[in-house]
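Here's a structure for you.
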Amino acid sequence: MLAYLWLLLPMLAQAAHRVPRSHGSHWNLTPRELASSTALSTDLPTPSASDSPCKRVYLAVQASNAPNDTSDDEPGPRVPAELAYECLNSIPFNQSAAVELLDSMKPYLEWQSTTSYVKDPPEKYAENVQPPYDFWSAFNAVETNVAHGIYEREYDFGWDLYQTTQQALDGHFVYISDVVGKLFRFGRTTPLVSVSEDGKDLPLVYAYTDILVSYAGNSSFKPSHIVQIDGKDTTDFLLDWSQYGAHQDKDALWNDIFYSLAQVSLGGLGTGTGSFTGGSRGRYVYPGPSTTLTFANGSKVVNQNFAKVLVDLSRVESGSDVYQEFLSPRPEDFQQILEVLEAQDGEKIRNDMSTPYHRHHTQTTPAIGYPTPVIRQRSNMNGGYFLDGQEFADVAVLTVADFVSADDRAGRDFQKINSDFIAAALAANKTKLIIDCSANGGGFIVQGYDLFKQLFPSIHPYGASRFRAHEVINELGELFSTPITRGGLETSKVFPWNYHTGLDSDDKKPSSWKQRYGPHPQGPGNDTFTSLIRWDLQDPEIRQFSGGISITGYGALSNITHQPFQPQNIVLVTDGFCASTCELFPEFLREEAGVKTIALGGRPSLDPMQTVGGTKARGALQFSQQIPQQDSNYTALNDYSYLPLARGTAAAVNARDGIRRNDDTQTPYQFLYEPAECKIFYTKQMVMDQSAVWKTVADTVWGHGNACVAGDDSFSGRQGNITAESDGRRPKMWSVRFDFDIKEAWEGLKVETDSDWFGKGDCVMIR
Ligand SMILES: *[C@@H]1O[C@H](CO)[C@@H](O)[C@H](O)[C@H]1NC(C)=O
Ligand SMILES: *[C@@H]1O[C@H](CO)[C@@H](O)[C@H](O)[C@H]1NC(C)=O
Ligand SMILES: *[C@@H]1O[C@H](CO)[C@@H](O)[C@H](O)[C@H]1NC(C)=O
Ligand SMILES: *[C@@H]1O[C@H](CO)[C@@H](O)[C@H](O)[C@H]1NC(C)=O
Ligand SMILES: *[C@@H]1O[C@H](CO)[C@@H](O)[C@H](O)[C@H]1NC(C)=O
Ligand SMILES: *[C@@H]1O[C@H](CO)[C@@H](O)[C@H](O)[C@H]1NC(C)=O
Ligand SMILES: *[C@@H]1O[C@H](CO)[C@@H](O)[C@H](O)[C@H]1NC(C)=O
Ligand SMILES: *[C@@H]1O[C@H](CO)[C@@H](O)[C@H](O)[C@H]1NC(C)=O
Ligand SMILES: *[C@@H]1O[C@H](CO)[C@@H](O)[C@H](O)[C@H]1NC(C)=O
């Protein structure tokens, strides 16, 4: 049942405080109206000066006439960012509560598997990915500040605490303290893109609306790129801003800033219109009162930044009231946590899960900026497309924007859409396959196995992982390796900390918990880890972890043996935003099947880019999932308190490292640097029409153009490092397709990250 608990924290947050939401009427502008201003203007109300900052936020919300409606996905009321920031800064600090919180977090944090490696990473990682970061010393510094009474405001403490996990740049490792995540979300009004003029020149940064306006047919309008943001060089400003993201890879962090069709296709599950506008982790960062954009033509635009109000402040007069009302858990909050935890023993939790799922997903439309699909999942998690044009007659495109599924039906849908599309492509005589994993933050890990096995049924992939060996998992292992029947379910079967579940690195059943546990000292500092674990893909119980499916090529589906495409006729495309389960799937394609990869976008440089830029680990564990049971016979298990659950809006660790076959050093994938065979810059066409991406890719891999600006000699037998320059083949500019819908494109500007949604599945990053 634990695999179904990922939603606990958002559910609790939602139940405790309903959020007033508005319909954001300022978005209802025509392209013409928008064309008259670069930024999307917001008419933010101005409150009176005499009240306390938090009261003024409430008055501003009232003045904005936000409808009193909590039943839909529309964004909450907007107020000036500065006002919300003043409110945050008026909340007094409670030292004793902070001491209690930090203490209570420690048992949860012990699960984090990478702290010793982040502190002392392999040289290539430190050089190409991120410098060393010592999580525990950062955490201890916050603790020292608390002890010495350094913090005066709750927000200073909460922000520092959030930063301790954020700076590890591991998409599974997060603690979003209540003061950071529960009250407001920040944002800017101008979505940006980073595009190359001819596919070869270094990309420049534009306002996305300018790109749309210039396309929409007014030939006298030539968009000017942004040379400065808030008086600082655009690239420098954005490189700094990108480090607030959740990825370790700097090119993936860069892409996360911008408007992306693939992210928008996921609706609220994606990163909205990019972190610059408050999507992704950008929503937690105060962007200042306004943003000044300076364009190459010399003109300047100043836009007020906004905050979205996530809670009902009607009963609040002051910052102290905000503390009492929202940041000081009451007995009933703990009772609620307990009830949800207890529900994990039964079926109840699964039914509860379906509510937020449907709320977020029933009203999806075909992906904006994508061509008409042959088939698609209703939330655009996956879909299949054919390209127009005779030169692409043999190319099929499978989009896999997510490995997530929230219920059994969604899990089976995901599998079936993949298999139906592969069948449809073969029936239409397609011999080549582009797999576009743009925007993919992971999901159910064994769905990654399934898709790989649909493509390569004869390969038995490796996919080993391990936990950090420490006292709590040892106790859980002992406890759950003894079969117990509860609620008709033999729980010993279900948990990964049970040696009866899963196999060892040689695909054998371990003979005892001790054999699975180890512990084995590894890596810098000799931290300890469990033995390697592989999934038992034959085990019918795998459905507990898979969103309800059997895995293709195994068990009930072992009759599927036909390999649909040759590996050289498959190419994997990512935008670097590929994390979690989306690390495993590319790893299998590259290492086990020899499929080549292409990375899109990235920083304005001619250096190579990694295919996978998000967390390369094999299992996220929410804090709530760590405490399935307290048992008087065990000591460490009883150290858990519910306080961190009550005081964070998202709380998770990376619990599992992925380890490559035959790697004696057992270095987690997270710390390997692995560039794609080719990097392609986005162009203006590609950020409006996703099929322009696929045509560029197909033409580069199997056709006559070459859009690679960095990489090796993988494609078409070229020699040496390829760049469009070095091999004389120019990138071909594919125009926006004839049925591109500009009105629909404007709709994409409304999409926002859901404030209370953190993904689901056992291997999904927290966006
Ligand atoms: C808005 O909703 C709250 C809570 O349901 C209710 O108390 C209040 O009266 C409503 N206000 C209006 C203006 O409908
Ligand atoms: C501070 O936190 C403690 C819990 O540690 C609580 O008992 C106390 O009421 C809080 N003080 C205020 C002013 O909220
Ligand atoms: C085209 O752009 C010019 C200059 O920006 C503007 O004056 C004109 O009204 C625009 N025409 C249309 C049809 O939008
Ligand atoms: C300069 O470029 C910006 C951004 O494309 C545009 O909005 C503005 O109208 C331009 N200003 C002039 C004077 O052309
Ligand atoms: C696929 O190829 C076969 C054999 O060449 C041909 O008979 C069939 O019409 C083709 N199907 C399509 C949809 O093009
Ligand atoms: C790890 O332990 C081994 C064996 O005890 C020792 O030889 C090695 O120096 C230790 N490595 C580190 C980095 O502490
Ligand atoms: C494999 O078996 C399943 C279940 O028995 C069946 O539905 C499916 O059609 C079979 N597929 C093939 C390719 O034989
Ligand atoms: C604790 O251990 C004892 C002895 O092994 C056993 O009889 C008892 O059932 C255990 N208690 C619990 C709550 O599991
Ligand atoms: C390829 O690029 C690498 C790194 O930039 C460089 O060291 C190497 O000399 C290049 N090889 C060729 C054949 O140009």
Side-chain angles (χ1 to χ4, degrees), residues 29 31-41 188-195 197 203-230 234 258-259 276 291-303 374-375 384-396 411-413 415-433 450-451 453-458 537-538 540 542-543 546 548-565 569 684 687-688 749:
L29 298 172
R32 185 66 55 81
E33 285 171 297
L34 279 162
S36 63
S37 83
T38 299
L40 304 166
S41 79
R188 299 186 182 87
T189 51
T190 313
L192 305 179
V193 288
S194 169
V195 294
E197 186 62 34
L204 299 169
V205 173
Y206 293 86
Y208 186 49
T209 50
D210 274 359
I211 302 294
L212 292 177
V213 169
S214 69
Y215 167 78
N218 191 341
S219 55
S220 59
F221 178 69
K222 287 265 173 296
S224 195
H225 67 276
I226 298 168
V227 292
Q228 285 188 345
I229 301 175
D230 290 346
T234 298
F258 301 103
Y259 185 94
F276 190 72
T291 301
T292 304
L293 304 175
T294 309
F295 296 93
N297 64 8
S299 75
K300 245 183 212 188
V301 177
V302 182
N303 296 309
V374 176
I375 187 170
Y385 301 82
F386 296 154
L387 295 175
D388 53 60
Q390 196 46 46
E391 62 271 61
F392 304 118
D394 56 357
V395 179
R412 286 193 289 271
D413 282 357
Q415 180 186 46
K416 189 169 182 328
I417 281 164
N418 292 329
S419 57
D420 284 358
F421 180 65
I422 290 169
L426 294 182
N429 293 338
K430 308 289 178 189
T431 55
K432 304 194 167 78
L433 181 69
D450 183 78
L451 180 52
K453 291 290 292 185
Q454 289 197 30
L455 296 166
F456 296 100
S458 65
L537 301 163
Q538 307 276 2
I542 198 93
R543 285 196 293 266
S546 69
I549 62 162
S550 299
I551 308 305
T552 298
Y554 300 97
L557 298 180
S558 53
N559 60 343
I560 296 170
T561 55
H562 177 68
Q563 179 182 317
F565 299 95
N569 287 342
K684 290 172 185 165
V687 296
M688 289 187 277
L749 296 167

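For ligands, and for the atoms within them, numbers begin at 1 and follow the listed sequence.
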Taking only residues two or more places apart in sequence or in another chain, which ones pass salt bridge (charged side-chain N to carboxylate O under 4.0 Å, His left out) with D230? none
Distance from atom 13 (C) of ligand 7 to nearest protein heavy atom, with residue and atom: I560 CG1, 4.2 Å
Are D394 and K432 close enough for a salt bridge, meaning some N to O gap below 4.0 Å? yes
Flag for Q415-D450: side-chain donor and acceptor within less than 3.5 Å: yes
Ligand 4 and K222, any nitrogen or oxygen pair closer than 3.5 angstrom? no
Cation-pi check, K430 to F386: give yes when NZ or CZ is under 6.0 Å from the six-membered ring centre and within 45° of the ring axis, no otherwise. yes
Y206 and side chain to side chain contact (heavy atoms under 4.5 Å, CB included): which partner among V195, V687, L192? V195
Report yes if some heavy atom in the side chain of R543 is under 4.5 Å from a heavy atom in the side chain of I549; otherwise report no. no
Nearest protein heavy atom under 4.0 Å from atom 9 (O) of ligand 5, yes or no: no
May I ask you to identify, for S299, whether its side chain, its backbone, both or neither come under 4.0 Å of ligand 4 on a heavy-atom basis? side chain
Only heavy atoms of P223, strictly under 4.0 Å: list the atoms of ligand 4 that pass. 5 (O)
What do you reckon, is CD of E197 surrounded by more than 12 foreign heavy atoms closer than 6.0 Å? no
Of all the atoms in ligand 5, which lie at a distance below 4.0 Å from a heavy atom belonging to N429? 1 (C), 2 (O), 3 (C), 8 (C), 10 (C), 11 (N), 12 (C), 14 (O)
Could you tell me which atoms of ligand 4, counted from 1 in the order shown, lie closer than 4.0 angstrom to a heavy atom of D210? 4 (C), 5 (O)
Identity and distance of the protein heavy atom lying nearest atom 5 (O) of ligand 7: A556 O, 4.4 Å
Out of T561, N559, T552, whose heavy atom sits nearest atom 3 (C) of ligand 7? N559
